[in-house]
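Note that the coordinates shown come from a computational prediction; the quantities given were computed from them, not determined experimentally. Values below: all heavy atoms of this structure, side chains included; hydrogens, waters and symmetry mates excluded.
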Amino acid sequence: MQKHTGSYLLLAAALCLSQAQGAVAKMSYPHLAPLAQYLSKSVPDEIALARSAAPAAVSGHAQILTLGRHGYEIAARGTNGFVCLVERSWELNFDDAKFWDPGIRTPMCFNAAAAHSVLREFLMRTDWVLAGLSTAQMAARSKGVPPLKGSMAYMMSRRQLICANGACNHWYPHLMFFFPSGEAPNWGANQNGVPVLSGRFSSLTAVYFVLVPTWSDGTPSVGGGTQ
């Protein structure tokens, strides 16, 4: 059975570098909460949060998906091929203590290649969640979707929450680049002084995290993000 590693598993070690940000206390969420707890206060609020994942030059012309009671829906049409949305907790490892945490909101903007490949599994998971499947049932169904060539995503929102090992943190603004596992390049990642981390997104996908110095609104990233 394949075990989906989640977008941010490799950031677990990096989170310790930003303890001053105050990681959210570890708590266990063993079951799906009432759906209303996963929904935003309003569609405009969620649209704004989704757009905050990337600079306005990108997100301002992107398609926006928002979560409703029947799944993700198109809230705004785009013209540049990007798709921005706010992911929920079920993008995490199936055995992560925060898999059902209703407070997690992770804004991301995928380019066209990633939207047609990497994003697909998360949207399938959303359908499974709404259908009432357990984590064991979802793990059994999860096969992984290999990334298309050129797949990448923006994660530059000041309000992002990156979760690993049961705890969440705002961490730093960054870009994500996806490659088929057997075609991952040598970027010198995971070495001292190199602003690049790498790891596995799934058994089929390698992911590289490239840190950037500013949030999507242009303000400097000093010590990570804030609520």
Side-chain angles (χ1 to χ4, degrees), residues 4-12 14-54 59 64-73 75 84-110 119 121-135 138-139 153-174 176 209 215-217 221 223-227:
H4 183 87
T5 60
S7 305
Y8 320 118
L9 184 58
L10 260 291
L11 300 183
L15 292 177
C16 68
L17 300 178
S18 53
Q19 292 178 351
Q21 298 169 223
V24 177
K26 290 187 177 181
M27 294 180 63
S28 178
Y29 297 84
H31 306 293
L32 177 68
L35 182 58
Q37 295 184 28
Y38 297 95
L39 303 179
S40 295
K41 293 181 179 179
S42 70
V43 171
D45 286 344
E46 181 147 356
I47 291 174
L49 183 55
R51 290 197 191 279
S52 73
S59 63
I64 306 298
L65 302 181
T66 57
L67 181 63
R69 293 189 174 276
H70 303 289
Y72 280 90
E73 303 169 347
C84 303
L85 76 165
V86 181
E87 291 193 345
R88 272 31 178 212
S89 57
W90 48 84
E91 64 82 26
L92 295 169
N93 245 11
F94 292 115
D95 60 356
D96 194 289
K98 286 187 170 289
F99 188 88
W100 296 117
D101 184 346
I104 290 176
R105 301 288 188 274
T106 309
M108 299 184 70
C109 282
F110 296 88
L119 179 58
E121 183 168 356
F122 175 75
L123 296 179
M124 284 191 293
R125 283 195 184 196
T126 301
D127 292 339
W128 297 339
V129 166
L130 296 179
L133 271 65
S134 67
T135 54
M138 287 189 277
Y154 286 87
M155 283 193 65
M156 296 176 61
S157 174
R158 294 177 64 92
R159 297 168 60 191
Q160 68 188 10
L161 283 178
I162 297 172
C163 298
N165 296 339
C168 299
N169 197 294
H170 299 291
W171 207 54
Y172 294 95
H174 59 281
M176 300 171 67
F209 306 88
W215 300 106
S216 61
D217 60 7
S221 168
T226 58
Q227 288 281 15

### Summary
Here the gap from Met108 atom CE to Cys84 atom SG, rounded to the nearest 0.5 Å, amounts to 10.0 Å
### Task
Go through the side-chain N and O atoms of Ser40 and Glu46 and say whether any donor and acceptor fall under 3.5 Å apart.
yes
### Message
Could you tell me if the side chain of Ile64 sits less than 4.5 Å from the side chain of Ile47, heavy atoms only?
### Response
yes
### Message
For Asp95, is there any backbone N or O sitting under 3.5 Å from a side-chain donor or acceptor partner on Asn93?
### Response
no
### Query
Quick one: does Leu85's side chain get under 4.5 Å of Phe122's, heavy atoms only?
yes
### Message
Applying side-chain contact (heavy atoms from CB on, under 4.5 Å) to Ile162 and Thr106, what does each step give before you reach the verdict?
### Response
CA-CA 7 Å; Ile162 297 172; Thr106 309; 5.5 Å; no
### Summary
Output for pair (Asp96 CG, Cys168 SG), nearest 0.5 Å, gives 7.5 Å
### Message
Between Glu91 and Lys98, does any NZ, NE, NH1 or NH2 come within less than 4.0 Å of an OD or OE carboxylate oxygen?
### Response
no
#### Entry: Minimal non-hydrogen separation, His174 against Phe209, with atom names
CD2-CD2, 3.8 Å
### Query
Got a donor-acceptor contact below 3.5 angstrom from the Gln160 side chain to the His170 backbone?
yes
### Task
Mind running side-chain contact (heavy atoms from CB on, under 4.5 Å) on Val129 and Leu32 for me, showing each step along the way?
CA-CA 8 Å; Val129 166; Leu32 177 68; 3.9 Å; yes
### Task
Taking side-chain hydrogen bond (donor to acceptor under 3.5 Å, both in side chains) as the test, write out the residues that go with Trp100, two or more places apart.
none
### Message
Once rounded to the nearest 0.5 Å, what's the spacing between atom OG of Ser216 and atom CZ of Arg51?
### Response
12.0 Å
### Query
How would you list, by chain and number, every residue that makes a ring-ring contact (aromatic ring centres under 6.0 Å, His included) with Phe110, sequence neighbours excluded?
none
### Minimum heavy-atom distance Ser157-Leu49, with the two atoms named
OG-CD1, 4.2 Å
### Candidate list Trp128, Trp90, Phe99, test side-chain contact (heavy atoms from CB on, under 4.5 Å), partner Thr135, passing option
Phe99
### Query
Do the side chains of Arg88 and Tyr72 get nearer than 4.5 Å, heavy atoms only?
yes
### Task
Just jot down the side-chain contact (heavy atoms from CB on, under 4.5 Å) partners of Asp45, sequence neighbours excluded, or say none.
Lys41, Ser42
### Query
Where is the tightest heavy-atom contact between Tyr38 and Ala33, given as atom of each residue plus distance?
OH-N, 3.0 Å
### Query
Under a 4.5 Å cut-off applied to non-hydrogen side-chain atoms, are Leu39 and Leu67 in contact?
yes
### Task
Check Pro107 against Arg105 and note the closest heavy-atom contact, atom names and distance.
CD-O, 3.5 Å
### Between CG on residue Leu123 and OG1 on residue Thr126, distance to nearest 0.5 Å
6.0 Å
### Query
Do Tyr154 and Pro173 touch side chain to side chain, with heavy atoms closer than 4.5 Å?
no
### Message
Run Leu35 and Leu130 through side-chain contact (heavy atoms from CB on, under 4.5 Å) and show every step you take.
### Response
CA-CA 8 Å; Leu35 182 58; Leu130 296 179; 3.7 Å; yes
### Message
Quick one, Ile104 with Leu92, criterion side-chain contact (heavy atoms from CB on, under 4.5 Å). Give me CA distance, side-chain angles, the key distance, then yes/no.
### Response
CA-CA 10 Å; Ile104 290 176; Leu92 295 169; 4.0 Å; yes
### Query
Taking Arg158 for the side chain and Asp217 for the main chain, is one N or O donor matched with an acceptor at less than 3.5 Å?
no
### Message
Are the side chains of Met176 and Met155 in contact, using a 4.5 Å heavy-atom criterion?
### Response
yes
### Query
Can you tell me if Tyr172 uses its side chain to pair, donor with acceptor, with the backbone of Ser221 under 3.5 Å?
no
### Query
Quick one: is the NZ or CZ of Arg125 closer than 6.0 Å to the six-membered ring centre of Phe94, and within 45° of its axis?
yes
